[in-house]
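Order of the sequence lines fixes the chain letters, A, B, ..., with proteins taken first and strands second; residue numbering starts at 1 for each chain.
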Protein chains: 2
Amino acid sequence: MIAYLNKINAFINYLDPQILTALQHISTIKTFKKGSFLLSMDETCKKSYVLESGIARKYYLNDGKEMTTELFFKDDIAISLHSYVQQSPSREFIQAITDVSVTVTDYQAFQVLKTQYPALMELDLMMTEYYAIWLEDRLFQFHTLTATERYLFLLQKQPHIIQYIPLSYIASYLGISLETLSRIRAKLI
Amino acid sequence: MIAYLNKINAFINYLDPQILTALQHISTIKTFKKGSFLLSMDETCKKSYVLESGIARKYYLNDGKEMTTELFFKDDIAISLHSYVQQSPSREFIQAITDVSVTVTDYQAFQVLKTQYPALMELDLMMTEYYAIWLEDRLFQFHTLTATERYLFLLQKQPHIIQYIPLSYIASYLGISLETLSRIRAKLI
DNA sequence: CGACATATTGAGATCCATCAACCAATGTGG
DNA sequence: CCACATTGGTTGATGGATCTCAATATGTCG
């Protein structure tokens, strides 16, 4: 998993400088205040956001309850995949948890660039593969681990998450209630 | 979701015949007997299998128990993604549930062809996106639906599954025990 | 300080897993 | 062709994990 990330980074480093310049031409830097939305439900995800600083999350509403599906840190790519890929209305929100700075890249412009530079198509494929593997792993966790095990797993793999993010977000990310998470933590001390 | 499948099919239909011929050159037809394995754990997934007839499933072992993660029917692509993409040992098995006929395509040969024909790179991307969206949807179901709801959802979306596949496979596919599934079905009648 | 968001704790209800017994259909060797 | 094993499915009893509702505590920020 990490190995594959390294492969992607290596691929980016070996990209033709001309391609990188072209990418920069269709990208801008933008900031979002804590609590504001990079993407709202029913909106089409027409931009990708690479986090430069700050933290964001992706969530949807279920019976009025917010279910967090993904947490974004530096260098993560924040999009709502189903909306981005199909250019259809999103079921998800993407929200800044702290003040956030991002590199914004336009979907349409990127599509054009991909047909121009096959290396970008390949890069897009690698990143999508990585996301799919990450999803498989998450599904595996829901399939086989108890709530406590999922929490410990998160603690071990991404200890930084716990420090900066409200427990209510973490609870729904783990697929458990806030109360259960609180009890799990109490027991572990 | 279906719309995107249509888009992929349209894309395939408009592929340069030369590309299709090249694809056929690196593919062969093969059959597997019921119960036999297209891929075993610890083996690297070096082929992709497009089902022509029959049914297959993907599963892994957890505490000695088989957890079914995916069911394959006609035209589905059976691979273990993490193993295929990273060319590393698989955690999963792919097994023929009935006698199965498949079109086998070699990973390495396909990689070469992709660099030769960018349209194939694009096709690979679209198929991976589709799989990722499917995974997101499955994760959504585990996140928000009860066992009964997940079963009803499956019944509604893929009624053919129930007819040909042992309940034990379906149970683990839904993330529940065989007994619970049996009770759910009893209540629904 | 007061107000609002965030987290903890308790009690009861619910869902689902586990263990175990049992049943039906199918297949196999003698 | 029968006896028996095997596979797939059902049903019952029980316990544990987790949810929900509700009350309380803690923190944070204007």
[X] side-chain proximity, nearest of [options]:
X	options	answer
B:Ala147	C:dA7, D:dT10, C:dC16	C:dC16
B:Ser182	D:dT20, D:dT10, C:dT18	D:dT10
B:Leu167	C:dT8, C:dT18, D:dG9	D:dG9
B:Arg185	C:dA17, D:dG8, D:dT10	D:dT10

Could you state the atom-to-atom distance from [atom1] of [X] to [atom2] of [N] in whole Å?
X	N	atom1	atom2	value
A:Ile162	C:dA7	CD1	P	12 Å
A:Leu181	C:dT6	CG	C1'	12 Å
B:Arg150	C:dC16	CZ	C1'	10 Å
A:Ile184	C:dT8	CD1	P	12 Å
B:Leu178	C:dA17	CG	P	11 Å
B:Glu149	C:dC16	CD	C1'	14 Å
B:Tyr151	C:dC16	OH	C1'	17 Å
A:Ile170	C:dT8	CD1	P	11 Å

For this session: Assign B:Ile176 to base, sugar-phosphate, or nothing according to its heavy-atom contacts below 4.0 angstrom with the strands shown.
Result: sugar-phosphate
Would you kindly say whether [X] and [Y] are connected by a side-chain donor-acceptor distance under 3.5 Å?
X	Y	value
A:Ser80	A:Glu92	yes
A:Glu52	A:Thr103	yes
A:Tyr130	B:Gln86	no
B:Gln141	B:Arg150	no

Problem set entry | Mutual orientation of the aromatic rings belonging to B:Tyr59 and B:Phe37 [parallel < 30°, tilted 30-60°, perpendicular > 60°] |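 Rings of B:Tyr59 and B:Phe37: tilted, as their planes differ by 30° to 60°.
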Exercise. Can you find a side chain N or O atom of A:Thr180 that sits less than 4.0 Å from OP1 or OP2 on D:dC19?
Worked result: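 The answer is yes; a side-chain N or O of A:Thr180 sits under 4.0 Å from OP1 or OP2.
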Problem set entry | Residue-phosphate contact under 4.0 Å: A:Lys187 side-chain N/O, D:dT18 OP1/OP2 |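 Answer no for this pair, as no side-chain N or O of A:Lys187 is under 4.0 Å from OP1 or OP2.
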Exercise. Quick one: the side chain of B:Arg183 and the base of C:dT18, do they pair up donor-acceptor inside 3.5 Å?
Worked result: yes
For this session: Ignoring hydrogens and angles, answer whether the base of C:dC19 and the side-chain atoms of B:Glu179 contain a donor-acceptor pair closer than 3.5 Å.
Result: yes
